[in-house]
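Here's the structure, in structure tokens; my notes come after.
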Number of protein chains: 2
Amino acid sequence: MKILIIGANGTIGKKLTPQLARQHDIITAGRNSGDIRMDITSEASIKAMFEQAKDIDACICIAASGPLDNFSTLTSQQLLEDFNGKLFGQVNIVLIGQHYLNNNGCFTLTSGIFADIPYKGVTGGAMTSGALHSFVLSAAIELQRGLRINVVSPGMVEDSAAAYGHLFPGLKPVSMQSLTDAYQESLNEKITGQIFRVY
Amino acid sequence: MKILIIGANGTIGKKLTPQLARQHDIITAGRNSGDIRMDITSEASIKAMFEQAKDIDACICIAASGPLDNFSTLTSQQLLEDFNGKLFGQVNIVLIGQHYLNNNGCFTLTSGIFADIPYKGVTGGAMTSGALHSFVLSAAIELQRGLRINVVSPGMVEDSAAAYGHLFPGLKPVSMQSLTDAYQESLNEKITGQIFRVY
């Protein structure tokens with residue numbers, strides 16, 4: 001398989017990319033690194049990425065989480081800004097990429113635990129992930145040409161626990177291996193519309 | 001209880017309002033009818049509504065569903081427009097209303113079955129409902145002063161089956177009574193962060 005990995009240089013991407021490279025051809029894309037430089041908030045940049053990448057069988061997007069928020073002063077304008085990268089960026093990768101991936105190709109997106117298990121200060125992230133889950137369920141029955149789509153919903157990965165653990169007391173870190181295995185499993189040919197909850 | 005019902009004149013509201021009026025004081029709000037005229041897409045209008053309503057113990061929002069969409073040509077701009085009323089409108093009712101409801105007051109929002117069960121042509125509606133579910137889970141642990149929040153996720157109600165049933169083959173209509181009972185149950189004093197799936 002020829003796999004395009006967006007966010008290959010992030011915390012998860014750095015571990016997932018070499019794991020997949022053992023069996024697959026990998027093209028990496030990212031804002032500041034990778035074979036292709038791209039801006040996930042720009043539809044034109046996403047389109048240019050797919051034009052350049054060519055002949056893609058799978059596209060994995062590992063999008064980072066958004067900022068913390070304060071519920072008592074939160075506005076819909078802030079939520080909208082939160083949505084731009086992780087939600088609309090990933091949605092655009094599918095809406096645009098559906099016209100570029102090879103037949104029977106596969107998308108894997110990234111959501112997060114807060115869709116289902118709330119913590120304080122992450123309402124925007126929770127809504128992004130909840131919307132992504134429903135998007136993936138819908139897209140799985142809409143996509144043509146045998147295209148598939150899944151989403152990995154990570155808890156806090158062990159590699160991030162030192163930096164972020166204090167913000168989410170009681171949230172148990174998950175192993176990086178279980179997380180990268182979920183991305184790998186999402187590529188399997190019979191799986192679509194699945195939410196891989198890794199926590 | 002003094003209950004503010006937004007959308008009291010819609011398909012569900014017309015049945016729910018008299019049911020609740022047997023035991024509660026009701027104030028109705030809507031775009032074209034009701035005690036208070038309001039535009040759910042305007043933060044200023046929502047604020048003015050709460051200023052006018054005063055002393056509210058519960059706020060129920062019955063928001064209508066959005067337009068159908070075509071996945072192969074769908075854009076994030078269309079999704080954003082879909083989000084404005086049913087998603088951001090309801091979110092703003094809570095973000096603004098949290099500063100107006102009486103202590104131990106209660107919000108009840110309206111999502112829909114497509115958050116969890118996909119049908120073709122309703123990706124925007126599905127994402128709106130999925131985001132609302134995660135919003136309600138988050139808001140339930142964020143709200144202060146004993147405020148509570150729940151959401152009712154209706155399937156296709158029997159009163160709408162004649163008009164919309166042909167669009168969703170195989171989707172069984174649910175009884176109006178089961179739906180209005182869910183809104184009524186959401187007001188119960190010990191319930192918060194609950195998604196009432198009525199289908």
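The chains referred to below are lettered A, B, ... by the order of the sequence lines, with proteins before strands, and numbering in each begins at 1. These figures come from a predicted structure and were not determined experimentally.
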| Quick one: ring pair (Phe, Tyr, Trp, His ring centres under 6.0 Å) partners of F107(A), sequence neighbours excluded? | none
| query | Which pairs pass ring-ring contact (aromatic ring centres under 6.0 Å, His included) with one or both residues in residues 1-23 of chain B, sequence neighbours excluded? | reply | none
| query | Which bit of A139(B) comes within less than 4.5 Å of chain A, counting heavy atoms only: side chain, backbone, both or neither? | reply | both
| task | Please look at V94(B) and chain A and tell me whether the side chain, the backbone, both or neither of the residue comes under 4.5 angstrom of a heavy atom of that chain. | result | side chain
| Hey, any chance L171(A) and F196(A) share a hydrophobic cluster, counting ILVMFWY side chains that come within less than 4.5 Å of each other, even indirectly? | yes
| task | Is it possible for you to say whether V198(A) and I191(A) belong to one hydrophobic cluster, with membership spreading through side-chain heavy-atom contacts below 4.5 Å? | result | yes
| query | Do I117(A) and F71(A) belong together in a cluster built from hydrophobic side chains that touch within less than 4.5 Å? | reply | no
| Any link between I60(B) and I40(B) through a network of hydrophobic side chains (Ile, Leu, Val, Met, Phe, Trp, Tyr) touching at under 4.5 Å? | no
Hey, what donor-acceptor pairs show up under 3.5 Å between chain A and chain B?
residue: E43(A); atom: OE2; partner: S76(B); partner atom: OG; Å: 3.3
residue: F71(A); atom: O; partner: Q98(B); partner atom: NE2; Å: 3.1
residue: S72(A); atom: O; partner: H99(B); partner atom: NE2; Å: 3.0
residue: S76(A); atom: OG; partner: E43(B); partner atom: OE2; Å: 3.3
residue: S76(A); atom: OG; partner: N92(B); partner atom: OD1; Å: 3.3
residue: S76(A); atom: OG; partner: N92(B); partner atom: ND2; Å: 3.1
residue: N92(A); atom: OD1; partner: S76(B); partner atom: OG; Å: 3.3
residue: N92(A); atom: ND2; partner: S76(B); partner atom: OG; Å: 3.1
residue: Q98(A); atom: NE2; partner: F71(B); partner atom: O; Å: 3.0
residue: H99(A); atom: NE2; partner: S72(B); partner atom: O; Å: 3.0
residue: A115(A); atom: O; partner: S134(B); partner atom: OG; Å: 2.8
residue: G121(A); atom: N; partner: E142(B); partner atom: OE2; Å: 2.6
residue: A126(A); atom: O; partner: S134(B); partner atom: OG; Å: 3.4
residue: S134(A); atom: OG; partner: A115(B); partner atom: O; Å: 2.8
residue: S134(A); atom: OG; partner: A126(B); partner atom: O; Å: 3.4
residue: E142(A); atom: OE2; partner: G121(B); partner atom: N; Å: 2.6

| task | Among the options L80(A), L79(A), V122(A), pick out the one with the most heavy-atom pairs lying under 4.5 Å from chain B. | result | L80(A)
| A53(B): what forms a side-chain contact (heavy atoms from CB on, under 4.5 Å) with it, not counting sequence neighbours? | L4(B), I27(B), I36(B), I56(B)
| Single-linkage hydrophobic cluster V151(B)~L87(B), side-chain heavy atoms < 4.5 angstrom | yes
| said: Counting heavy-atom pairs under 4.5 Å with chain A, which one of L137(B), L143(B), V91(B), I141(B) comes out on top? | reply: I141(B)
